[in-house]
Each structure stands twice: as structure tokens, then as C-alpha cells.
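Please read the structure below before turning to the comments.
Here is the naming used below: chain letters follow the sequence lines, and residue numbers restart at 1 for every chain. Please read all numbers here as calculations on a predicted model, not as lab measurements.
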2 protein chains.
Amino acid sequence: MYRDLNERSRKILEAIIEDFIATGEPVGSRTVTRRHHLGISPATVRNVMADLEEAGFLYSPHTSAGRVPTEKGYRFYVDTMIEVRDLSFNLRKAIEDSFSMGGLGLEDRLKRAGQVLSATSSYAGLVSYPSFEATVFRHIEFVKLSSKKILAVLVSQSGNVQNKVVEVQKPISKGELEKITNFLNSKLTGLPLCEVKGLIVKEMKEEKALYDSLLQQAFELSREVFESQTEGTVFVEGASNILDLPEFADLECMKRLFRTFEQKNLLVDLLEKCRSAEGTHVFIGSEFDSCGLEGCSLVTSSYVSKSGISGTLGILGPSRMTYSVVIPIVAHTARQISRFLDAD
Amino acid sequence: MYRDLNERSRKILEAIIEDFIATGEPVGSRTVTRRHHLGISPATVRNVMADLEEAGFLYSPHTSAGRVPTEKGYRFYVDTMIEVRDLSFNLRKAIEDSFSMGGLGLEDRLKRAGQVLSATSSYAGLVSYPSFEATVFRHIEFVKLSSKKILAVLVSQSGNVQNKVVEVQKPISKGELEKITNFLNSKLTGLPLCEVKGLIVKEMKEEKALYDSLLQQAFELSREVFESQTEGTVFVEGASNILDLPEFADLECMKRLFRTFEQKNLLVDLLEKCRSAEGTHVFIGSEFDSCGLEGCSLVTSSYVSKSGISGTLGILGPSRMTYSVVIPIVAHTARQISRFLDAD
DNA sequence: CTTAGCACTCAAGCTTCCAGAGTGCTAACG
DNA sequence: CGTTAGCACTCTGGAAGCTTGAGTGCTAAG
């Protein structure tokens with residue numbers, strides 16, 4: 001596919017992309033020769049640029065502007081040219097410091113991770129809350145709110161808490177509730193949540209025959225609790241960092257961004273889709289389903305704990321992104337979260 | 001203060017403000033006479049307008065534009081001219097319908113309230129989470145996460161849940177933890193949370209002398225839990241509604257708004273400050289400390305349950321807001337939330 | 001006191017113009 | 001034959017000037 005690109009063309013493409021990333025302005029042939037000493041004249045560069053445009057790596061906004069990378073151009077750059085540098089001492093320190101503070105719960109921790117992503121990259125940081133489904137049951141607790149309303153508090157192995165108000169048909173006494181609690185805790189502890197659901201449905205069918213009303217109530221209750229666990233939270237930090245970039249200095253663009261960031265569920269889906277892959281990944285422009293995020297790129301990485309909790313984090317910025325800096329930031333932050341989760 | 005305003009001046013001021021609210025364009029003398037049949041000529045209107053400008057109710061953006069209301073103008077309008085209409089059938093229905101759906105927890109309920117505020121007004125809806133401080137203790141539960149990490153789950157009378165991970169110095173056994181749980185629950189149930197804090201500090205001093213290590217641990221633990229309850233969540237819905245208003249069709253304005261909406265804690269504080277007052281209140285422009293919300297008005301109302309839970313909700317929009325519609329929407333929504341809270 | 005008339009002002013939109021940056025092509029050069 | 005200098009051409013963006021329309025303030029007459 002790229003066989004036509006000789007060394008010189010690659011050098012020139014790289015120069016153009018890096019200049020554009022740095023300045024945001026279309027890059028002309030003269031600029032290339034001035035800033036990078038390639039030992040060739042602007043005219044030669046022009047010839048090569050015409051070829052690169054032909055090949056789909058560049059395009060010109062209009063005849064008398066310089067060239068700008070296309071998505072294909074960025075993709076080629078990211079895949080074959082980037083040298084992922086080590087994190088600078090300062091960045092590494094910034095990330096690790098944000099994890100050294102003790103006594104924070106999972107939620108605060110993830111939020112901080114988002115903040116550090118945003119602060120170190122100066123783009124927007126996204127961190128998804130681990131899917132509750134994937135976690136392991138540790139403890140359930142019922143608190144009676146009124147005669148027919150019961151609050152269920154569900155705790156996962158990782159200390160993640162979810163709660164839900166359940167309305168029951170006939171009142172359950174405090175004693176019964178306690179028995180149900182003990183029964184469920186002894187029965188379910190240590191099971192992955194996804195299995196818990198199946199188990200309950202199965203047991204309900206079997207127990208039906210036994211007519212043990214307490215057990216029946218227990219299952220009825222837990223079915224309600226596990227049935228509709230709210231999924232999907234995402235922390236977005238530093239979205240306003242993106243505002244000052246020249247590529248979004250336009251009313252319509254900005255409205256679009258604003259609207260997209262308002263719909264958290266879009267972002268949840270976005271990160272969810274990126275979860276599958278291991279390692280750090282770069283999605284450029286239309287490579288991800290970017291409703292309202294045209295002209296953006298997303299660098300993601302997943303975090304996973306030994307106990308199976310997993311989620312995704314990433315940095316969202318313009319396609320004109322300093323990939324070589326952002327990629328190690330994302331990778332390192334994901335590693336730190338994983339480590340934190342295992343530390344329990 | 002307003003003694004100089006005769007009936008005619010008031011009529012003209014009202015006409016100007018209502019026209020401006022409707023169109024967003026500065027209102028000229030000719031427009032006033034055309035749209036409202038006051039039986040006077042544009043020249044007369046001009047004279048009156050000059051007086052109104054003198055008095056600080058109006059100003060002109062420049063000599064050859066019409067007049068625009070000042071904050072003082074809006075204030076006068078809201079205080080003395082507005083007739084708060086009853087809610088139209090449709091609006092009332094929309095609000096009540098959003099409360100008729102059963103089985104939602106407090107959080108979802110408040111979020112929905114925000115959505116309905118935003119949808120019915122087409123501005124932004126804000127709803128603050130009730131202050132945990134003001135609620136009544138119902139139940140505490142400890143779950144051991146690891147030898148030194150304990151998850152505390154705190155439930156208020158209203159079914160509001162907060163949780164916190166606490167790190168302890170020396171390991172606590174499961175049995176001890178259970179005793180502590182029982183002890184605290186029997187001791188604290190029914191107390192307002194603000195009193196709980198004081199109580200714990202007091203008891204800790206007294207118990208110190210007794211050297212009962214279990215009790216000491218109990219208090220130590222609960223002190224940590226109650227010490228730093230995270231306060232302040234606010235649901236912001238439909239912020240992007242504001243984007244299409246002509247008064248914010250400007251890059252700088254929009255960035256400011258974006259940044260302000262990103263800092264939820266600012267909005268929390270804002271609503272918190274408005275909580276004190278009972279009934280529905282209108283804050284115009286600089287009347288509230290609107291960091292980044294210049295040119296906006298805020299209509300708020302507090303919701304209170306019999307059990308003492310309270311919070312604030314409101315609609316944030318441009319100062320050029322359809323107050324006569326927004327005020328009853330806010331008032332009715334607050335009533336509905338209060339009713340819902342009491343229904344437990 | 002009200003109003004018609006008039007001169008004046010100002011913003012916004014339009015055209016025109018110019019400078020600057022960059023291109024593509026061609027012809028000369030090593 | 002690849003490379004380069006030169007040149008004509010194109011296009012954007014900003015500045016300057018012009019026009020239009022809406023609206024005002026003032027004055028003098030009703």
C-alpha cells in the first residue's frame with residue numbers, strides 16, 4: 001500500500017505532519033525547507049507534496065494554502081513514524097503523584113486519573129467507571145425504608161457500591177430481612193456478578209416447587225436488585241481545554257462539542273467500544289463513531305485488575321494531537337490504575 | 001424609588017421589556033407604538049424612553065439602536081409587573097408525568113426533575129442533591145475490604161447512600177466490626193447528621209478515660225467516616241439549550257459558559273446560596289455571584305420534605321427570560337419533589 | 001403636553017483593493 | 001533525468017470606503 005513512499009517522501013511527510021501538529025497552520029513547501037534541513041529546494045518539496053496529495057496523505061484546503069494531513073496521513077504517521085518517547089520525568093511524576101494520595105475511594109481515584117490525563121496532555125481526559133457486571137459479589141445489605149420500600153446496597157469485591165430502592169408487594173419484617181441478607185451473602189459471596197444473575201433465575205425456578213416463602217422472597221428481592229443495575233458512568237475532565245484550539249474556534253464546532261460532552265452516554269459507549277483491545281490504541285477522526293467529535297482523535301487504554309475489574313480511559317483531543325506525548329501518558333496512567341486496583 | 005413612574009411610563013417599560021424578551025433585539029420607539037396600541041406617537045415614546053433611561057431602567061447599546069432593559073429594569077418588571085400565570089395544562093402535565101413513574105431512586109428522580117425543568121423551559125435545569133448534613137441518620141454498615149481497609153456505607157432516613165473507604169491502623173476482626181456496627185446503629189439512629197458529628201467528638205473525649213478499646217475503635221472509625229462527607233452534587237440538564245440564544249452567539253461567551261458548566265462545584269455553591277429563602281426566587285444578572293454567567297438569570301425554589309431533607313432546584317437562562325412562564329414551572333417542580341420525598 | 005419633521009449617528013453589510021503565502025508549470029542546469 | 005530557479009496565477013484575509021436602515025434627539029408647531 002505504501003510501497004511508493006521512498007525515504008525522502010517519508011521524511012517530507014513526517015516534517016509536514018509534525019509542523020502541522022505544532023502550529024495548526026497548513027504547511028507550505030518553503031516552510032518545510034526552512035525548518036527541516038533536508039538539502040532540497042522548495043520546488044522539489046512541491047513535487048513530492050503533489051505526489052503525497054495524490055496518494056491521499058495530504059490535502060490543501062485551497063489552492064494557495066499549504067498542505068494539511070488527512071486521516072490517512074495521520075494513520076500512517078502514527079503507525080510507522082512515531083517514536084513513542086519515554087515519559088519525561090515531570091510527567092511521570094505528575095501521574096504517579098496523583099496516585100500516591102491515600103484514602104480515596106474508587107470513584108475519587110478515577111476522577112483524579114481523569115484530571116491528571118487532562119492536565120498532563122492539555123486535552124480532555126476520559127475515564128470510564130468499571131462495568132459493574134464484570135465485578136465480583138462481596139456483600140449485599142438491605143435497609144428498610146418504609147413498610148414496602150427497601151434499600152438494597154450492593155458491594156463488589158473492589159469496594160464499588162451500588163444501591164437501589166426496591167418496592168415489594170407484601171411487607172417484610174426486619175427479622176425476615178436479616179435472614180434474607182445472611183442467606184444471600186453466604187450463597188453469593190465470591191461469585192462474579194454476571195453469574196449471580198443467572199444463578200438467581202435458576203434457583204427461583206427450582207425453589208418455586210418448595211413453597212418456602214422466605215426463600216422465594218429472597219430471590220424475588222435479589223432479582224429486582226440485580227435486574228437493572230445502572231451501567232455506565234464516565235468522568236470527563238478538562239473538556240474546556242479543547243476550546244482554545246484554533247480548529248474549534250467556530251461557533252458551530254463549539255456547539256457541537258458542547259452537546260456531545262453533555263451526552264455522557266455517548267462517551268460511555270465510545271469508551272466501551274474501545275475496551276476490547278489490550279494495550280494503547282489510537283483512533284483517528286472517523287475511525288471511531290464520533291457523533292459530534294469530527295476532527296478529533298482518541299487515544300485509549302484499558303485498565304484491568306487481577307480480580308477482573310476493568311474499564312477504559314483515554315485522552316480526547318484534536319486529530320492534530322501530540323501523539324508521541326499522549327500515548328505514553330495514557331499507557332502509564334492505565335498501568336497506575338491497574339496497580340491501584342490490585343493493591344487492595 | 002419608583003415614584004416618578006406614572007401609569008404610561010410603566011406601560012411603555014413593560015412593552016419594551018416584553019418585546020425584548022420575545023425578540024432579543026433592542027426595541028425602538030416606532031416598534032413600541034406599532035406592536036402595542038397605546039394611542040401615542042413614537043416621539044412621545046421617545047421622550048418617555050429617555051426618562052426611563054435616565055432612571056436606569058433602560059440603556060441603548062449605541063445611539064442608533066433601540067433600548068434594552070437593564071438589570072434594574074428586569075428587577076422592576078419581575079417585582080411589579082409580572083403576572084405569574086397558571087401553568088398551562090400541557091406544562092403541568094409534563095411535570096407531573098415525569099413524577100408519576102414509579103420505582104426510581106432519589107438520584108434518578110432528581111435527574112428527571114432537571115430534565116423536565118430544561119425541557120419545559122428550554123433553558124438549563126439545575127437540581128441540587130440534598131445536603132447530606134441536613135438528613136437524619138438511619139443506618140451504618142461496615143464491609144471489610146482487606147485487613148486494613150474498611151468500606152463504610154452510610155444510609156440516611158430518606159434512602160440517600162454515601163460510602164467511604166477508611167484505612168485503619170490496626171486490623172479489626174469481623175466480629176469486632178459487627179459489634180461496632182450494632183453499637184453505632186443503636187446509638188445514632190434517628191439523629192440528624194449534623195448532631196452525629198458533634199456527639200462523636202464529645203463521646204470520644206469521655207470514653208478515652210474508660211480505655212475500652214472497642215468503643216474507642218468504634219468512635220475512631222465513625223469519626224473518619226463522618227469527618228469528610230463529600231458534599232454537593234448537582235444535576236445540570238439541557239445546558240446546551242442556551243447555546244442557540246443570540247446573546248451567547250459569540251466565541252468568548254460560549255467558552256465562558258462551557259467552563260462554568262464544567263465546574264460543577266461553582267453551581268453547587270450557587271444553588272446552596274439560594275437555598276435559604278423559601279418560595280420561588282428570581283436572581284438577575286449580577287444579583288447572584290455569577291462567575292462566568294454574566295447576562296444570565298436564575299429562578300430557584302427549594303424543596304423540603306417533612307423529614308428535613310432539602311435542596312434547591314432552578315432554571316438558568318438569559319436575563320432575557322420568559323419569567324412569567326419559568327417561575328411557575330420552577331415552583332411546581334419544587335412542590336412535586338417535596339411531595340415525592342414525603343411519599344415515603 | 002404632544003407630535004411632526006428633520007438632521008444626525010451608528011452598526012452592519014457590501015464591495016473593492018491590496019498584500020502575502022503558496023502553488024503549478026516551464027525551462028534551464030548539472 | 002532528477003532538481004531547481006523563475007514566473008504567472010490563485011486564493012485568503014484584512015483594511016478601507018461606501019451605502020443602507022434603523023433609531024435618536026432636538027425644535028417648532030399644534
Side-chain angles (χ1 to χ4, degrees), chain A residues 4-13 15-17 19-20 22-70 73 246-247 249-251, chain B residues 4-13 15-17 19-20 22-70 73 246-247 249-251:
Chain A
D4 293 341
L5 281 198
N6 57 26
E7 190 52 27
R8 194 176 64 180
S9 305
R10 292 170 48 90
K11 274 260 157 56
I12 291 177
L13 180 57
I16 293 173
I17 295 182
D19 269 22
F20 184 71
T23 67
E25 305 275 292
V27 185
S29 53
R30 184 169 227 124
T31 322
V32 172
T33 57
R34 242 202 313 252
R35 277 208 267 257
H36 309 258
H37 305 286
L38 303 173
I40 48 180
S41 76
T44 312
V45 173
R46 277 204 288 280
N47 288 331
V48 176
M49 279 164 113
D51 297 345
L52 289 170
E53 179 157 10
E54 183 87 9
F57 295 111
L58 299 176
Y59 85 105
S60 10
H62 55 86
T63 58
S64 81
R67 299 303 210 294
V68 168
T70 59
E247 43 261 77
D250 164 80
L251 272 182
Chain B
D4 293 341
L5 281 198
N6 56 27
E7 190 54 25
R8 193 177 63 180
S9 307
R10 293 170 46 93
K11 273 259 157 53
I12 291 177
L13 179 57
I16 293 173
I17 293 183
D19 268 22
F20 184 71
T23 68
E25 305 275 293
V27 184
S29 53
R30 186 170 223 125
T31 322
V32 172
T33 57
R34 242 203 312 254
R35 278 209 267 258
H36 309 257
H37 305 284
L38 302 173
I40 48 179
S41 76
T44 312
V45 173
R46 277 206 288 282
N47 288 331
V48 176
M49 279 164 113
D51 296 347
L52 289 170
E53 179 158 8
E54 183 87 10
F57 295 110
L58 297 177
Y59 84 104
S60 9
H62 55 87
T63 58
S64 81
R67 298 305 210 293
V68 167
T70 60
E247 42 262 77
D250 166 77
L251 271 183

Contacts of type side-chain hydrogen bond (donor to acceptor under 3.5 Å, both in side chains), residue Glu25(B), not counting sequence neighbours: none
Proximity to the side chain of Ser64(A) - top-ranked nucleotide from dT10(D), dG25(D), dC10(C): dT10(D)
Any Thr31(A) side-chain N or O less than 4.0 Å from OP1/OP2 of dG22(C): yes
Under the 3.5 Å Watson-Crick or G-U criterion, the dot-bracket string of DNA chain C, with | for inter-strand pairs: ||||||||||||||||||||||||||||||
Whole angstrom value for the distance that separates P of dT3(C) from CG of Leu38(B): 11 Å
Nucleic acid contacts of residues 39-52 of chain B, taken as heavy-atom distances under 4.0 Å to DNA chain C: Ile40(B), Ser41(B), Ala43(B), Thr44(B), Arg46(B), Asn47(B)
Side-chain heavy-atom pair Ile16(A), Thr31(A) within 4.5 angstrom cut-off: no
Distance-minimising heavy-atom pair for Gly73(B) and Ile17(B): O-CD1, 3.5 Å
Heavy-atom closest contact (Pro69(A) atom, Phe20(A) atom, distance): CD-CD2, 3.5 Å
Rounded distance in Å - CD1 (Ile12(B)) to C1' (dC1(C)): 14 Å
Integer-rounded Å distance: dC11(D) C1' and Tyr59(A) OH: 15 Å
Any side-chain donor near an acceptor of the partner, Thr44(A) and Asn47(A), under 3.5 Å: no
Under-4.0 Å side-chain N/O to phosphate OP1/OP2 contact, Arg67(B) with dG23(D): no
Rounded distance (nearest 0.5 Å) linking atom CZ of Arg67(A) with atom OG of Ser29(A): 8.5 Å
d(CD, Glu25(A); P, dG13(D)) in whole Å: 10 Å
Separation of atom CG in Asn6(B) from atom P in dC1(C), rounded to whole Å: 12 Å
Atom-to-atom span, CG of Asp19(B) to P of dG23(D) - whole angstrom: 11 Å
Shortest non-hydrogen contact from Gly66(B) toward Ser60(B): O-CB, 3.6 Å
Chi angles and distances behind the side-chain contact (heavy atoms from CB on, under 4.5 Å) call for Arg35(A), Thr23(A): CA-CA 12 Å; Arg35(A) 277 208 267 257; Thr23(A) 67; 4.0 Å; yes
Heavy atoms of other groups near Arg10(B) CZ, more than 12 under 6.0 Å: yes
Value in whole Å for how far the C1' atom of dC9(D) lies from NE2 of His62(A): 14 Å
Ser60(B) vs dG23(D): side-chain N/O to OP1/OP2 distance below 4.0 Å: no
